[in-house]
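Positions are given from 1 along the sequence. As a basis for the values below, the full set of heavy atoms in this structure was taken, side chains included, without hydrogen atoms, waters or symmetry mates. In listed order, ligands and their atoms are each counted from 1.
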Amino acid sequence: MLRHNVIRAALGALWLARAARWPAAAGAASGFVVTLHHVAPGDPPPFAPNALLTITPQFLDRFLGHFIGRGWRFVSVEELIAAADGAGPRCIAVTLDDGYRDNLEHAWPVFRRHGVPFTIYVCPGFSDRTAELWWEALERIIATTDSLALPGEGPVEVLSTRDSAEKQRAFQAWTAWLTTEADEARQRRAIRALADKYCVDLAALAADLVMDWDEVRSIAADPLCTIGAHTMTHAALARLPHDAALREMRDSADRIEAEIGRRPATLAFPYGYRAAAAEREAALADEAGFAASFTTRPGYVPAAGTRHGLPRISVNGLFQELRYLEVLLSPGLWTLRDRLRKSS
Ligand SMILES: [Zn+2]
């Protein structure tokens with residue numbers, strides 16, 4: 001909560017300082033790629049640790065309308081990365097990770113209304129109902145229990161989860177354990193054991209939240225939509241050996257091509273932070289044949305240079321205000337950040 005208030009204050013201060021108008025290095029930026037996850041109406045319940053992953057269709061509508069009204073151009077990811085043709089700094093490509101069904105139900109109509117292209121990064125394991133949406137499962141388990149314990153696994157023996165504050169702390173402790181202490185295989189074993197113990201059906205959860213292949217095909221038939229790859233099982237690739245990481249990427253492109261008849265040209269790294277995808281993964285995405293790959297580390301897409309491990313701006317459900325996006329989609333802000341990094 002404190003951290004969110006600090007971010008909110010910093011973004012508010014940058015907006016007052018007119019960060020959106022700060023000068024960028026001339027010709028440096030080829031535009032921005034933004035990341036969305038869920039697009040769904042309504043307010044989150046009191047315990048909603050994944051709320052940062054959801055924006056409302058109303059906010060998406062305001063976001064697109066506002067930037068179009070100010071002369072920005074929404075382009076596809078493919079157009080944006082072909083920077084030699086000069087997409088221009090005031091270009092935005094919209095991407096949505098994981099292939100949630102609400103993208104089809106609530107985001108697609110908004111994109112159509114504005115004629116805005118979008119890319120959905122599909123994880124075949126979710127559409128096949130074989131991979132674990134562990135953060136969604138963990139939220140549901142903690143929401144309905146008074147304590148959390150899994151002998152031999154997890155951050156501590158037993159965690160009390162009676163009220164919202166305890167639930168929040170338990171979610172954070174388990175998330176930290178699952179993504180750092182436990183390796184990828186142990187993470188999946190632990191979440192399967194937790195789901196068994198607390199009666200959450202992981203396949204049903206995926207079926208509830210994520211598009212099946214028929215739905216992916218129907219949205220992919222729209223010329224506004226492109227489908228990208230998001231690995232087979234939503235793995236933190238940097239935690240896998242070389243061959244396994246390469247296989248996760250290649251197999252996901254194979255599977256998507258087999259299902260929709262078109263091979264994805266680009267890939268988004270699951271999680272996208274440095275501990276999940278760094279330089280090795282960028283090189284592997286190139287080796288796997290993708291034209292470009294994206295993290296979730298913020299910044300603009302440079303006009304020249306590598307097309308792998310490119311930054312994206314996450315549109316955070318906890319910060320659904322246009323002025324925050326004006327700040328984050330300022331080439332000048334990231335030019336300044338890069339200068340400060342170089343000089344330190
Ligand atoms: Zn993802």
TODO: Classify the ring geometry between Phe319 and His4 as parallel (under 30°), tilted (30 to 60°) or perpendicular (over 60°).
DONE: perpendicular
Task: Residue and atom, protein N/O/S, under 2.8 Å of the Zn ion (ligand 1) - done: Asp98 OD1, His230 NE2, His234 NE2
Does a side-chain N-to-carboxylate-O contact under 4.0 Å join [X] and [Y]?
| X | Y | answer |
| --- | --- | --- |
| Arg70 | Glu326 | yes |
| Arg186 | Glu153 | yes |
| Asp97 | Arg312 | yes |
| Asp61 | Arg113 | yes |
| Asp128 | Arg255 | yes |

